[in-house]
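Side-chain atoms are counted along with the backbone in the values below, which use heavy atoms only and exclude waters and symmetry mates. First the proteins, then the strands, lettered A, B, ... as listed; each starts at 1.
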Number of protein chains: 2
Amino acid sequence: MYSIAMVRLKDPAVRSLLIERAAQMLRAREPISLRSLVDGTGVSTMAVYTYFDGIDGLWKAVRQEGFTRLSAVLDRLTPTTDPVRDLAALGSAYVANAEANPDLYRVMFDAAVDLEDLAAADATLHRLVEAVERAKTDGRFADDTEPLDLATQSWVIGHGLASLTVAGPLPREALGYAVPMLTALFISAGDEPARCRRSVARGWG
Amino acid sequence: MYSIAMVRLKDPAVRSLLIERAAQMLRAREPISLRSLVDGTGVSTMAVYTYFDGIDGLWKAVRQEGFTRLSAVLDRLTPTTDPVRDLAALGSAYVANAEANPDLYRVMFDAAVDLEDLAAADATLHRLVEAVERAKTDGRFADDTEPLDLATQSWVIGHGLASLTVAGPLPREALGYAVPMLTALFISAGDEPARCRRSVARGWG
DNA sequence: AGCAAACCATAACAGCGTTATGTATAGTAT
DNA sequence: ATACTATACATAACGCTGTTATGGTTTGCT
């Protein structure tokens with residue numbers, strides 16, 4: 001006999017509902033357990049097994065949701081005529097997203113990595129690679145600049161800062177180090193110093 | 001009635017024994033629980049409460065042990081006449097230590113930060129600050145270089161790389177990015193490019 | 001209409017961190 | 001030496017966790 005308040009939904013709706021609720025509880029800093037997750041939703045603990053194959057699968061789904069949202073945030077940025085500025089803007093949006101959702105950011109990176117996580121992270125990185133390629137086309141970076149290398153190094157800076165501030169010992173203001181660090185990196189890749197400083201400052205602000 | 005195989009040790013010995021065993025299990029990638037930790041040691045689960053006030057306190061102690069070991073590794077480096085080379089050597093030792101003890105490194109940074117953790121992390125950072133100061137005295141960096149700022153930025157690079165490789169999506173080879181990244185950073189602080197490249201390469205190797 | 005598969009509520013299980021209780025030990029004052 | 005007190009900790013129980021088993025309900029296909 002099902003309970004009166006029973007909810008009967010199609011597959012994807014239940015999936016989304018549980019992921020959404022997990023993200024919510026993460027933001028509210030409520031401890032997440034199988035039972036606390038489904039309490040008040042009308043779905044039973046078994047739903048988590050039907051849709052995610054256990055709590056680990058749920059975390060994996062949340063991780064991917066985090067990357068999806070990050071991608072959405074980065075997609076909202078429209079390229080300008082200054083690709084170096086765009087690179088800085090991507091970095092700015094990246095750390096701002098981490099700062100806005102610190103617990104989600106932690107979940108995204110605190111687990112052993114599997115193939116699906118790799119693909120999600122790769123999609124994020126790809127945006128940086130594209131921006132570097134545009135900058136190279138515009139002659140801002142040296143010809144021997146490897147776009148994937150420079151993009152990865154930009155990511156390392158963004159993640160290092162995000163990780164040490166939102167979930168670590170550095171104070172929030174340390175996020176500002178992104179400006180001199182990205183500037184130093186882009187200048188080393190061949191960009192003209194004064195112009196680079198302007199571009200990064202604009203993209204960051 | 002105590003069991004026959006009962007062990008009776010002084011306070012610090014039990015503390016060290018449990019921390020050491022936790023570090024061991026971490027390295028062996030065995031799941032650590034209160035019961036699995038004390039199994040075979042002759043001490044009861046209550047000892048963890050006597051000495052650490054629960055499992056969270058145990059993790060905190062492990063975290064501090066991690067920072068202590070890291071400090072010991074960095075202390076083993078003797079300064080040369082080239083402080084920029086020394087900075088690179090510190091970075092190299094930092095990521096090598098993370099690579100050698102990936103699980104311990106994760107524990108060190110995966111928890112909410114409290115004051116004692118802060119102090120331990122600060123001691124690590126201090127070594128970098130000193131090296132930057134020596135480089136400034138030698139005229140390698142611009143006069144307006146703030147040692148704490150540059151040291152922190154070096155740390156961000158080291159942690160970003162360590163975090164994304166030992167517990168994240170980047171392959172081990174990505175650790176090599178430290179060389180161009182540190183070089184770019186030090187050049188931006190005023191070091192002469194060719195000399196800087198040599199110093200970093202020597203410090204890293 | 002009948003059948004097979006999916007769905008999932010309920011309940012039981014082992015393991016977790018923690019708390020409670022009482023006994024043995026260590027140290028100190030008498 | 002004796003009595004007292006605080007510490008150390010073995011044992012057991014408690015409420016929680018994720019997981020598995022079971023069986024009834026619902027759905028969709030034939």
Side-chain angles (χ1 to χ4, degrees), chain A residues 1-26 28-64 103 106-107 110-112 114, chain B residues 1-26 28-64 103 106-107 110-112 114:
Chain A
M1 190 72 77
Y2 287 133
S3 66
I4 296 175
M6 203 206 116
V7 179
R8 182 152 278 280
L9 295 164
K10 296 189 175 67
D11 304 9
V14 172
R15 260 191 78 94
S16 308
L17 182 137
L18 289 175
I19 294 176
E20 181 59 39
R21 180 159 161 78
Q24 245 177 276
M25 294 177 73
L26 224 42
R29 288 187 156 66
E30 299 168 20
I32 297 182
S33 77
L34 202 60
R35 288 170 177 79
S36 69
L37 179 72
V38 300
D39 263 12
T41 62
V43 309
S44 82
T45 58
M46 284 310 297
V48 175
Y49 284 82
T50 303
Y51 296 110
F52 304 101
D53 200 42
I55 199 77
D56 285 350
L58 187 271
W59 286 119
K60 192 163 119 184
V62 169
R63 223 148 48 225
Q64 296 212 62
D103 299 276
R106 205 178 333 205
V107 169
D110 80 345
D114 61 31
Chain B
M1 188 72 77
Y2 286 133
S3 66
I4 296 175
M6 205 206 111
V7 179
R8 183 152 276 278
L9 295 165
K10 296 187 174 70
D11 304 9
V14 172
R15 258 192 78 94
S16 307
L17 182 135
L18 289 176
I19 293 176
E20 182 56 41
R21 179 157 161 80
Q24 242 177 277
M25 294 176 73
L26 225 40
R29 290 190 154 65
E30 299 168 20
I32 296 181
S33 77
L34 202 59
R35 291 168 175 81
S36 70
L37 179 72
V38 300
D39 264 13
T41 62
V43 309
S44 84
T45 58
M46 285 308 297
V48 175
Y49 284 82
T50 302
Y51 298 109
F52 303 101
D53 200 44
I55 198 79
D56 285 351
L58 186 272
W59 284 121
K60 191 163 119 184
V62 170
R63 224 150 45 226
Q64 296 211 65
D103 299 276
R106 202 172 344 198
V107 170
D110 80 346
D114 61 33

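Taking atom CG of B/Asp56 as the reference point, atom P of C/dT19 lies 11 Å away to the nearest angstrom. Between B/Tyr49 atom OH and D/dA13 atom C1' the separation is 14 Å, expressed in whole Å. Rounding to whole angstrom units, OH of residue A/Tyr51 and P of D/dT19 are separated by 18 Å. For the pair A/Leu37 CG and D/dG18 P, the interatomic distance rounds to 9 Å; values are reported in whole Å. Counting to the nearest Å, the C1' atom of C/dC8 and the CZ atom of A/Arg15 are 17 Å from each other. Summarising the geometry, the separation between CE on A/Met46 and P on C/dA6 is reported as 14 Å, rounded to the nearest angstrom. Atom CD1 in A/Ile55 sits about 14 Å away from atom C1' in D/dC16, given to the nearest Å. Remark: P of D/dC16 and CD of A/Glu30 are 16 Å apart, rounded to the nearest angstrom.
Remark: A/Ser44 is not in phosphate contact with C/dC8, judged by side-chain N or O atoms under 4.0 Å from OP1 or OP2.
Here A/Arg21 pairs with nothing under the salt bridge (charged side-chain N to carboxylate O under 4.0 Å, His left out) rule; sequence neighbours left out. Checked against side chain to side chain donor-acceptor pair (under 3.5 Å), A/Asp103 has the following partners two or more places apart in sequence or in another chain: A/Arg29. Legend: residues meeting side chain to side chain contact (heavy atoms under 4.5 Å, CB included) with B/Gln24, ordered by chain and number and at least two apart, are B/Glu20. Listed by chain and number, the residues in a side chain to side chain contact (heavy atoms under 4.5 Å, CB included) with B/Ser33 are B/Arg35, B/Ser36 (sequence neighbours excluded).
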Every protein N/O within reach of nucleotides 12-16 of chain C N/O, cut-off under 3.5 Å:
residue: C/dC16; atom: OP1; partner: B/Ser33; partner atom: OG; Å: 2.9

N/O donor-acceptor pairs under 3.5 Å from side chains in residues 54-63 of chain B, not counting sequence neighbours:
residue: B/Lys60; atom: NZ; partner: B/Glu116; partner atom: OE2; Å: 3.1
residue: B/Arg63; atom: NE; partner: B/Asp117; partner atom: OD2; Å: 3.0
residue: B/Arg63; atom: NH2; partner: B/Asp117; partner atom: OD2; Å: 3.0

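Of all heavy-atom pairs between B/Arg15 and B/Tyr51, the closest is NH1-O, 3.3 Å.
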